[in-house]
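First comes the structure, then the notes that go with it.
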Number of protein chains: 2
Amino acid sequence: MPEKDIDIGSRLKKLRDERNISQRQLAKKSNVSNAAISLIENNKTNPSLGLLKKILDAVPISISDFFAMDVSEENKVVFRKNELIEIGSGLISYLQVGQNLKNNQPQMILERYKPGADTGKSMLTHESEESGLILEGRMELTVGDQTYFLGVGDAYLFNSNIPHRFRNTGGIDCVIVSACTPPSF
Amino acid sequence: MPEKDIDIGSRLKKLRDERNISQRQLAKKSNVSNAAISLIENNKTNPSLGLLKKILDAVPISISDFFAMDVSEENKVVFRKNELIEIGSGLISYLQVGQNLKNNQPQMILERYKPGADTGKSMLTHESEESGLILEGRMELTVGDQTYFLGVGDAYLFNSNIPHRFRNTGGIDCVIVSACTPPSF
DNA sequence: TTAAACTGTTAAATATATTAAACAAAATAT
DNA sequence: ATATTTTGTTTAATATATTTAACAGTTTAA
């Protein structure tokens with residue numbers, strides 16, 4: 001039975017992200033081409049041990065530790081901006097913090113509403129407490145029979161059982177960071 | 001500071017030796033050429049991770065365990081015939097069991113005396129207890145003022161402080177396995 | 001002894017990893 | 001806003017790993 005092959009790319013990228021260094025910085029430090037690092041991180045090459053070692057020495061981390069490295073997402077604490085999970089796109093895009101969330105965890109979502117985006121006249125309802133804050137643009141928020149107009153820096157908090165609706169009536173994207181507990185979908 | 005690069009070859013060879021399988025057997029099982037295995041074991045190539053993985057899967061052992069593998073000689077118990085340490089060659093060759101022997105360990109040596117080989121008229125003396133057994137050929141052994149002629153199966157045991165001398169007066173190689181405590185050189 | 005089946009190693013052919021250089025996109029600076 | 005760096009990616013050129021095939025040495029069998 002052929003063992004499933006380990007995902008070198010993710011491991012290396014994780015290491016690099018944790019240290020906040022660029023491919024080129026690491027490349028320079030390890031005397032390896034940045035292209036090689038890119039190819040490795042995307043699993044588009046089958047690196048030689050010597051090359052991998054040069055890179056790991058520059059991190060630095062031992063080969064042994066590298067392969068023993070915990071790569072599970074279970075206890076992941078930091079999610080880099082490009083590691084957010086896309087759980088929906090289109091006129092509204094959703095980037096979630098974390099995966100397979102437990103019921104006791106908040107579902108943090110970075111939401112981007114393009115001009116005209118609307119969650120719908122039929123209103124949303126679900127079993128959660130929901131909060132959010134406007135990062136860019138403006139948002140029309142309806143909760144129950146009240147409608148609010150929010151700008152950058154404004155925030156909201158309500159029980160999601162109350163029918164609610166988001167509409168971007170402005171001319172530019174509206175970006176919101178929101179949180180639901182428990183996760184709503 | 002560039003980490004000293006790990007000796008992949010020895011590790012793989014050790015694994016293979018422990019399992020008593022040939023390069024070709026392992027090659028077949030792992031779908032890798034026997035040449036590749038030979039080159040890797042002799043550190044004459046810089047194997048790709050994929051290739052190494054295929055081989056390790058066939059052993060089988062995980063990459064992680066492979067690099068975490070204890071490769072120290074400290075507690076080594078079995079020394080294969082090709083692992084004996086050559087501590088002298090020429091008319092007499094010495095192959096020792098183990099390396100960096102402690103004073104409380106016996107120095108076991110496989111000795112081969114070519115026809116005419118002679119440890120010398122000046123006689124040997126050192127602080128040890130010495131024993132041996134003839135495996136092939138014949139040997140003239142002098143200990144103190146006594147000279148003995150030994151054949152296959154014969155053995156000896158004496159205090160090495162007593163001047164002694166080995167001479168192969170026969171026409172074929174004489175092979176002896178000997179032991180000194182403590183090690184004499 | 002001789003032959004046959006192994007052992008590990010090596011050389012040339014081939015496949016592929018790695019680099020150097022150019023690219024587009026994003027961040028930073030002016 | 002417009003450059004200017006810096007980001008990661010990709011392509012073609014080059015270096016090198018891997019295979020195929022042959023070699024020589026050892027072991028096993030007859």
Side-chain angles (χ1 to χ4, degrees), chain A residues 5-6 8-59 63 80-84 93 95 110 112 135-136 172-173 175, chain B residues 5-59 63 80-84 86 93 95 110 112 135-136 172-173 175:
Chain A
D5 46 346
I6 28 79
I8 321 252
S10 303
R11 293 174 118 88
L12 180 55
K13 184 159 187 348
K14 184 181 179 186
L15 278 181
R16 196 168 60 76
D17 284 344
E18 283 171 357
R19 274 142 241 250
N20 271 321
I21 55 180
S22 70
Q23 290 180 343
R24 277 182 164 84
Q25 287 176 296
L26 186 54
K28 190 173 181 182
K29 193 169 178 193
S30 57
N31 264 318
V32 161
S33 72
N34 60 307
I37 294 180
S38 173
L39 293 170
I40 291 173
E41 288 190 355
N42 295 293
N43 293 316
K44 288 188 176 171
T45 188
N46 179 14
S48 71
L49 228 66
L51 187 78
L52 184 63
K53 179 124 205 324
K54 279 167 71 178
I55 297 172
L56 296 186
D57 282 348
V59 170
I63 297 224
R80 299 296 167 182
K81 58 183 168 192
N82 49 356
E83 292 173 348
L84 301 185
S93 74
L95 294 175
L110 186 62
R112 174 176 294 271
L135 301 180
E136 295 177 28
I172 62 169
D173 286 8
V175 178
Chain B
D5 48 346
I6 30 79
D7 181 355
I8 319 259
S10 303
R11 292 175 118 89
L12 180 55
K13 184 159 186 351
K14 183 182 179 186
L15 278 181
R16 195 168 60 75
D17 283 344
E18 283 171 356
R19 275 143 239 248
N20 270 321
I21 55 180
S22 70
Q23 291 180 342
R24 277 182 165 83
Q25 286 175 295
L26 185 55
K28 189 173 182 183
K29 193 169 176 194
S30 57
N31 264 318
V32 161
S33 72
N34 60 306
I37 294 180
S38 173
L39 293 170
I40 292 173
E41 288 190 356
N42 294 293
N43 292 317
K44 289 188 174 170
T45 188
N46 178 13
S48 70
L49 226 61
L51 187 77
L52 184 64
K53 180 121 206 323
K54 278 168 72 178
I55 297 173
L56 296 185
D57 281 348
V59 169
I63 297 224
R80 301 295 168 181
K81 58 185 168 192
N82 49 355
E83 293 174 348
L84 300 185
E86 181 166 311
S93 73
L95 294 175
L110 186 61
R112 173 175 296 268
L135 300 180
E136 294 177 29
I172 62 167
D173 286 9
V175 178

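By convention in this document, chain letters (A, B, ...) are assigned in the order of the sequence lines, proteins followed by strands, and residues within each chain are numbered from 1.
Going from atom CG of Leu51(B) over to atom P of dA15(C) covers 16 Å, rounded to whole Å. The interatomic distance linking Asn31(B) (CG) with dT20(D) (C1') rounds to 15 Å, in whole Å. Atom P of nucleotide dT18(C) and atom CG of Leu12(A) are separated by 13 Å, given to the nearest angstrom. As a whole-Å value, the separation of Ile40(A) CD1 from dT16(C) C1' is 14 Å. A straight line from CG of Leu26(A) to P of dT19(C) spans 12 Å, rounded to a whole angstrom. The distance between atom CD1 of Ile55(B) and atom C1' of dT18(D), rounded to the nearest whole Å, is 10 Å. Lys54(A) places its NZ atom 17 Å from the P atom of dA17(C), with the value rounded to the nearest Å.
Using a 4.0 Å cut-off, some side-chain N or O of Ser48(A) falls inside it from OP1 or OP2 of dT18(C).
Looking at heavy atoms from C-beta onward, Leu12(B) lies in side-chain contact with Leu26(B) at the 4.5 angstrom threshold.
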> Once each nucleotide of nucleotides 7-13 of chain C is scored for protein heavy atoms under 4.0 Å, what B/S/- sequence comes out, 5' to 3'?
Replying inline: BBBB---
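The terminal axes of the helix from dT1(C)-dA30(D) to dT30(C)-dA1(D), fitted over 5 pairs per end, subtend an angle of 30° to the nearest 10°.
Judged as a side-chain hydrogen bond (donor to acceptor under 3.5 Å, both in side chains), and not counting sequence neighbours, the contacts of Ser48(B) are Asn46(A).
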